[in-house]
Every structure is written in C-alpha cells, then in structure tokens.
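Keep in mind that what you see is a predicted model, and the values were worked out from it rather than measured.
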Amino acid sequence: MRTRFAPSPTGYLHIGGVRTALFNWLFARHHGGQFILRIDDTDQQRHVEQTLRPILDGFRWLGLDWDEGPDVGGPHGPYFQSDKLPRYQAAVNALLTCGAAYKDYARPEELEFERQEAQQRKESFRYSRRWMATSPEDESRFAAEGRAAVVRLKMPREGNLVITDQIRGEVQFAWAGEPDTVIQRADGTCLYHLASVVDDYDMQISHVIRAEEHLSNTPRQIFIAQRLGYPLPCYAHVPYVAEPGSKNKLSKRKLSQYLKQKDFADLMRRGERIAERMHWATSPETFNPVVVDFYRQIGYGTDALINYLLLLGWSWDDRTEYFSRQEMITRFSLDRVNNSPASFDPQKLSAFQDHYSQLLTVEQKFDLVLPYLQGAAMVASPPTPSELQLTRQIVQAAGDRISIAGDILDYQDFFVADDQLLYEADDVEKRLVKATDAQELLRRFRTQLERADDFSAESLELLLKKFVQEEGIKIGQIIHALRVAVTGKSVGFGMFEILQILGKERSLARMDRILGQLALRQTC
RNA sequence: GGCCCCGUCGUCUAGCCCGGUCUAGGACACCGGCCUUUCACGCCGAUAACACGGGUUCAAAUCCCGUCGGGGUCACCA
C-alpha cells in the first residue's frame with residue numbers, strides 16, 4: 001500500500017490539508033506501506049525552496065514522516081513535478097498518438113465567447129472543437145494564422161463512468177459532461193491533471209486519498225490513466241474541513257470573517273497576546289488559525305492537534321476520544337471516515353490540548369515554557385539559576401492553568417520587579433479600599449510574615465490560619481486583600497504558593513509598596 | 001445553471017450496510033450545583049438532534065421515492 005500527499009508549495013500548511021495528509025499517513029502506516037510526499041509545483045516559479053520549507057517543517061513537527069520525497073529521496077523520483085517535464089512530455093505525446101488528446105488552436109477569447117454563448121442558452125459549456133487540429137495541414141494552417149496550440153484531452157461524449165470510492169461508494173458520471181481539459185500549455189509546460197496521474201503511476205500509488213473537491217476531477221484523471229494504460233489506483237475522497245459553524249470550506253483568506261465568531265476570536269486573541277509579548281511581527285499569511293504553524297508558534301502540542309484532527313471526520317466507536325499514535329495506526333481505516341464535512345471547532349481542539357497538557361510532568365512543561373520566557377525577555381538568555389528556579393515553581397503552581405506553552409506569559413507578574421508591578425484598579429478598589437479593615441489586617445499580618453523563618457506554603461498556611469483565629473475574622477477578609485497586594489489582581493493560583501514563590505523579601509516589598517501608596521492616597 | 005457530494009444535539013460523532021435492544025449513546029461547548037482563599041482543575045446534574053413529506057413494514061434514524069436545504073466543482077490553478 002502506497003499513499004501520497006502532494007502539496008503545492010504555498011508557504012503554509014492548511015489545517016484541512018494536514019488532516020488529509022494524516023489520513024494518508026495513517027493508512028500507509030496501518031498497512032505497513034509507504035507514505036510519499038510529492039511537490040506539485042508545475043505552476044510555481046522559482047522560490048520553491050522558500051515556500052516549501054515551512055510545509056516540510058510542519059510535517060516534521062507533527063511527526064508525519066514520509067518514506068519518499070523531498071530531503072529523503074527514494075526510488076521513484078523525482079519528487080518535484082518541475083523536474084519531470086520530459087516525462088510529462090512523453091505522456092502527452094502518447095496521448096496524442098493514441099487519439100486521446102488533440103492540439104487545440106483556439107484563442108482564449110474565442111473560447112470565452114463559446115462559453116458565454118452556452119451560458120446565455122443556459123446550457124452547460126462544451127467546447128465545439130472548432131480549432132482542433134486533425135492533421136498536420138490543420139496545424140500549419142492554424143499556425144500560419146498566428147495561433148498557438150495547447151493540448152486538450154479528447155473526452156468521450158457518450159457513456160458513463162462508475163467510480164468506486166472507498167468512502168463514498170459508487171459514484172456515477174456521464175462522460176459527456178466532462179470537459180476537454182487542457183493538459184499542456186502553449187509554452188509546453190504541463191498541467192496538474194496530467195502530471196498528477198503520471199506521478200501516481202510512476203510512484204506506484206495504490207490509494208489516492210484526497211479532499212472531496214477532487215471528486216469531480218476524477219473522471220478525467222481516470223481517462224488519462226486508462227488511455228495511457230496505467231492501472232487505476234483506489235480512490236478515497238475525504239470531506240473537507242468546514243468553517244466553524246457552517247458547511248463552507250475552511251479558507252485562510254476568510255480569517256476576518258471567522259473572527260466574528262466568538263470561539264475563533266478567542267483563539268486568535270490568545271495567540272495575539274502571546275505574539276505581542278514575544279514581539280513577533282505577525283501576518284495573516286502565517287499567523288492564522290487556519291494555518292497549522294499558528295499552533296506550533298503559540299505552543300500547542302502535536303498530540304492534541306493530531307488527535308483532534310483525527311476525530312474530525314473519523315471515529316473508532318461511540319466513545320473513544322484519546323488515541324496514542326500507535327492506537328491510531330492500529331485502528332485507522334478508510335471505512336470509518338465520515339462522508340459529510342466537519343466544521344473546525346477551536347474549543348474542542350483546546351479541550352484536547354488541556355487533556356494532553358495535563359499528562360505532562362512539571363519538568364516537561366518547564367522545558368516547553370522556557371523558550372517563551374526567553375523570547376519575551378522575561379528571563380535572561382541563558383536564564384540565571386534563580387530565574388530557572390522561579391520558573392519551575394511557577395510551572396508547578398500553575399498546574400492546569402498552563403495548557404499551551406505560551407500561557408506562561410500570563411504569569412509575567414512574577415518576573416516583573418516588585419516596584420514595577422501593575423495593579424488592577426478595580427481589584428485594589430474592591431479588596432483593599434472598600435473592604436473594611438483590609439489594610440489594617442494586612443499591616444498586622446505583615447509583621448507576622450516578617451517574623452516567619454519558614455516561608456514554605458504549608459507553614460504560611462498555618463501562620464495565616466492562626467492569625468485568622470487570633471483576629472477572630474474569616475479567612476476571606478484578608479486573603480483577597482493579600483492576593484491583590486502581592487500580585488496586583490484578584491485571580492491567580494493558590495495564595496500560599498504565591499507567597500512561597502515570591503519569597504519573604506519580595507512579598508513584603510510588594511505589600512509595603514501598595515500599602516504605602518494607599519496610605520498616601522488617603523492623606524491627600 | 002449543469003454535474004457531483006452531503007444532511008443525527010450549537011459543534012465533533014455513535015447508531016444506518018444486516019429495520020425492533022434508540023423513550024437515540026458519548027464528547028466539546030453552554031447552563032445549574034458541589035469543592036474552594038480567587039481563578040483553573042475535578043466531581044455531579046440539566047437542556048439539547050434523527051431536514052421535511054410520502055411510501056414499504058406488525059415495527060424505520062435505519063429500506064425506497066420525492067421535496068427542501070447546505071456544500072463542492074465546472075481555469076492555459078493545484
């Protein structure tokens with residue numbers, strides 16, 4: 001079993017493309033076959049290297065390894081269409097010779113005229129073949145008129161074709177409805193349909209697993225293969241990935257429209273918050289939730305992404321949600337691929353990420369998070385031992401709150417100098433100003449803290465409990481005020497962990513600073 | 001418009017091929033509650049779907065026909 005994914009070098013990896021690639025990869029791995037990467041660059045100019053790199057990097061990041069293709073080579077190369085021009089030329093000649101294709105000398109405007117005429121009559125367009133050359137005499141006559149020739153498929157105009165699709169079952173087409181597709185341009189370069197069929201044959205692809213939009217291209221490709229005497233691969237057309245909340249195909253260019261949807265907007269905002277702290281120059285070309293690299297950049301894990309994508313259109317049973325790589329390989333089959341489009345749901349992706357990130361140890365998370373702190377210049381590069389320790393403690397205390405690696409940047413307050421800490425005005429108002437006795441209680445508790453020689457979370461908790469008891473107050477009367485005093489806001493992780501992380505000196509400094517400011521405010 | 005595909009909770013889906021066990025199951029989200037020093041996690045609970053209409057049948061989400069709706073594709077793009 002041999003499958004392939006044939007991206008064109010566009011500079012980015014589309015989320016739907018990855019899903020298709022994943023299915024190809026899984027299918028090949030399941031059957032112990034090969035997964036081939038081939039570059040569809042018939043239409044590309046020179047910068048292939050530049051636009052291909054991000055795609056290959058994306059595959060590597062995701063762990064979708066290819067057995068043959070760019071960087072790794074293989075016995076059925078070349079794996080770049082741009083390197084196979086003579087090969088395609090030979091195929092075109094063969095098609096011409098056997099009468100499956102013809103040279104067409106129509107000018108674009110003449111074709112356009114026919115097309116419009118058909119539209120006016122509300123008929124489907126079918127080329128008249130008026131400028132089809134049927135003899136060398138025709139060719140020289142047309143050429144004398146200054147016409148250039150393209151090569152078109154000479155499609156049958158009667159009969160039907162039944163395709164047995166592995167996912168959709170039997171699909172019937174009438175040959176008469178198939179257009180005389182151009183397979184070679186006037187300048188001699190070849191087009192996708194031809195190249196694709198020739199490549200699939202050369203690379204001995206057994207299963208063509210691709211997006212649904214190619215279903216209607218299949219008849220003409222089968223026609224080419226048949227007339228060239230190639231054995232037909234099995235076809236499987238997977239439904240495309242749809243926009244959140246609709247059945248339209250997900251498209252990178254429609255980002256601004258998706259942003260009107262809350263979940264998508266939230267995801268984007270989360271990304272932008274990270275990008276901002278990292279000082280990234282972002283553009284919708286690469287920093288876009290439709291593009292896979294977006295997730296790598298902000299710190300998603302590949303386990304979550306792959307698992308989510310797997311379930312977008314495929315299922316094993318009525319309840320299994322989590323699959324290891326090995327489990328997916330073992331269980332994957334085409335017949336459990338769904339046949340209706342599935343819309344992309346950022347929230348569900350997040351839920352998978354939450355799950356997989358909870359499986360990580362503190363040390364693993366620590367490693368993931370560190371580059372972000374360095375990138376945001378919140379720690380030095382390389383980090384000092386005390387910064388490393390601080391980070392480790394934060395990761396530990398944050399627990400589930402850090403889901404994607406970039407989430408660490410939300411804990412900037414621990415890294416900022418004590419006299420630079422920003423306070424949420426509303427929180428200060430509510431917990432330190434309006435709350436009666438809050439400031440006084442803080443002052444009194446401060447002296448206790450100062451005397452404490454054990455600043456561990458456990459002993460701090462005992463200390464506060466004792467204080468609360470002695471004062472005859474409820475813990476809520478002081479703890480919120482304390483939190484705002486040392487972190488600047490009213491939400492965060494466990495109070496005693498916060499104090500432990502900051503340590504005595506910093507905790508006191510922060511308390512003193514805000515208490516001083518508030519005292520000053522009162523006298524004014 | 002032609003051709004093709006698709007149609008189960010808001011979303012991802014199980015069930016459909018081989019009709020009864022489906023008063024339609026799971027997950028995410030949402031809502032409510034519990035836990036609790038806040039947030040998050042966790043736990044418990046609730047709401048929520050067979051597009052519609054005809055058949056066939058003792059019985060239809062499941063089979064047949066039609067309608068409607070959504071989408072894909074109709075390039076000298078891939």
Side-chain angles (χ1 to χ4, degrees), chain A residues 6-10 40-44 81 104 106 108 111 115 118-119 121-126 148-152 163 165 167-169 171-174 176-179 181-187 189-193 195-196 211-219 237 239-240 242 244-249 262-263 308 311-322 335-336 338-352 354 358 398-403 427 431 461 464 468 474-484 487 489-496:
Chain A
S8 69
T10 51
D40 273 15
D41 59 350
T42 51
D43 192 42
Q44 302 298 312
Q81 293 188 334
D104 178 51
L111 225 46
R115 199 171 277 134
Q119 201 177 39
R121 284 196 306 256
K122 295 205 167 168
E123 285 168 12
S124 60
F125 167 66
R126 190 213 254 166
V150 298
V151 177
R152 285 181 185 277
I163 298 169
D165 188 278
I167 293 171
R168 267 145 233 281
V171 183
Q172 198 179 82
F173 291 88
E178 296 302 314
T181 313
V182 174
I183 54 173
Q184 186 174 40
R185 295 189 182 93
D187 67 6
T189 56
C190 291
L191 277 332
Y192 168 74
H193 293 293
S196 177
E212 180 190 339
E213 53 261 40
H214 288 286
L215 184 55
S216 35
N217 294 332
T218 310
H237 289 92
Y240 55 88
S246 101
K247 291 294 177 206
N248 295 322
K249 198 167 70 171
K262 185 180 176 297
D263 301 339
Y308 172 70
L311 259 27
L312 204 55
W314 180 86
S315 68
W316 168 248
D317 59 15
D318 62 340
R319 55 197 65 240
T320 314
E321 294 268 308
Y322 303 117
D335 55 6
R336 290 205 61 88
N338 231 69
N339 46 10
S340 58
S343 52
F344 178 73
D345 180 0
Q347 290 204 102
K348 187 127 185 177
L349 206 208
S350 286
F352 274 101
D354 290 347
Q358 283 177 25
D400 307 323
R401 295 172 186 85
I402 294 175
S403 178
D427 293 339
R431 298 302 189 185
E461 180 162 7
L464 186 78
V468 161
K474 278 190 259 178
I475 198 164
Q477 285 174 264
I478 179 158
I479 208 157
H480 301 295
L482 183 56
R483 178 187 303 280
V484 175
T487 66
K489 42 174 151 346
S490 58
V491 298
F493 24 86
M495 187 67 250
F496 308 106

Hey, does His237(A) reach any base, or is it just sugar-phosphate, or nothing, if we go heavy atoms under 4.0 Å? nothing
Given the C1' atoms of G72(B) and C31(B), what is the spacing between them in whole Å? 37 Å
The answer to which of Gln358(A) and Ala342(A) contacts RNA chain B further toward the 5' end, by nearest nucleotide, is Ala342(A)
Check the distance between C6(B)'s C1' and Asn248(A)'s CG and give it to me in whole angstrom. 13 Å
Please state the C1' separation for the pair A51(B) and G33(B) - nearest whole angstrom. 36 Å
Under 4.0 Å between a side-chain nitrogen and a carboxylate oxygen: does that hold for Arg152(A) and Asp104(A)? yes
To the nearest Å, how far apart are Ile163(A) CD1 and C4(B) P? 11 Å
With a non-hydrogen cut-off below 4.0 angstrom, is Lys249(A) in contact with a base, only sugar-phosphate, or nothing? sugar-phosphate
Do any side-chain nitrogens or oxygens of Asn217(A) fall under 4.0 Å of OP1 or OP2 in C4(B)? no
Nearest-nucleotide 5' precedence on RNA chain B, Glu213(A) against Phe344(A): Phe344(A)
What contact category does Ala149(A) fall into here, base, sugar-phosphate, or nothing, at under 4.0 angstrom with non-hydrogen atoms? nothing
Whole-Å P distance, G45(B) and U8(B): 28 Å
Using the P atom in both, what is the distance from G7(B) to C52(B), to the nearest Å? 14 Å
Could you verify whether a donor N or O on one side chain and an acceptor N or O on the other, from Asp427(A) and Ser490(A), lie under 3.5 Å apart? yes
Round to a whole Å and report the spacing from CZ of Phe125(A) to P of C3(B). 17 Å
Between His214(A) and Tyr192(A), what is the ring plane arrangement, given parallel below 30°, perpendicular above 60°, and tilted in between? tilted
Counting only side-chain N and O atoms of Arg185(A), is one of them less than 4.0 Å from OP1 or OP2 of C77(B)? yes
Partner of C68(B) by Watson-Crick or G-U wobble geometry, both contacts under 3.5 Å, or none? G7(B)
Complement of G32(B), any strand, by Watson-Crick or G-U distances under 3.5 angstrom: C44(B)
Hey, are the side chains of Pro179(A) and Arg126(A) touching, using non-hydrogen atoms and a 4.5 Å cut-off? no
Which letter, B, S or -, goes with each nucleotide of nucleotides 15-39 of chain B from 5' to 3', with contact meaning a protein heavy atom under 4.0 Å? S---------BBBSS-------BBB
Is Phe173(A) close to Thr218(A) at the side-chain level, that is, under 4.5 Å between some pair of heavy atoms? no
Could you measure the distance from the CG atom of Leu312(A) to the CG atom of Asp345(A)? Nearest 0.5 Å is fine. 9.0 Å
Taken to the nearest whole Å, CD/Gln184(A) to P/C77(B) is 12 Å
Less than 4.0 angstrom between a side-chain N/O of Lys247(A) and OP1 or OP2 of G10(B), yes or no? no
So, is Thr42(A) close to the A78(B) phosphate, meaning a side-chain N or O under 4.0 Å from OP1 or OP2? yes
Let me know the distance between CD of Glu212(A) and P of G72(B), rounded to the nearest Å. 9 Å
Taking atom P in both C3(B) and U11(B), compute the distance separating them and give it to the nearest angstrom. 29 Å
Watson-Crick or G-U wobble partner of G1(B), both distances under 3.5 Å: C74(B)
Return yes if a side-chain donor-acceptor contact under 3.5 Å exists between Thr189(A) and Arg185(A), otherwise no. yes
In whole Å, what separates the C1' atom of U36(B) from that of A49(B)? 36 Å
Which part of the nucleic acid does Arg126(A) contact within heavy-atom distance under 4.0 Å: base, sugar-phosphate only, or nothing? nothing
Do Val484(A) and Lys489(A) make a side-chain contact, defined as non-hydrogen atoms from C-beta onward lying under 4.5 Å apart? no
With sugar-phosphate meaning primed atoms plus P, OP1 and OP2, does Val171(A) contact a base, only sugar-phosphate, or nothing at under 4.0 Å between heavy atoms? sugar-phosphate
Just to be sure I understand the rule, does Gln172(A) reach a base, reach only the sugar-phosphate, or reach nothing, if contact means heavy atoms closer than 4.0 Å? sugar-phosphate
What distance, rounded to whole Å, do you find between the two C1' atoms, one in C5(B) and one in G42(B)? 43 Å
Measure CD/Glu178(A) against P/C4(B) and give the value in whole Å, please. 10 Å
Can Asp41(A) and Gln81(A) be counted as having a side-chain donor-acceptor contact under 3.5 angstrom? no
Side-chain atoms of Ser340(A) come closest, of G7(B), A40(B), A78(B), to G7(B)
Please measure how far the P atom in A46(B) lies from the corresponding atom in G32(B), and state the result in whole Å. 16 Å
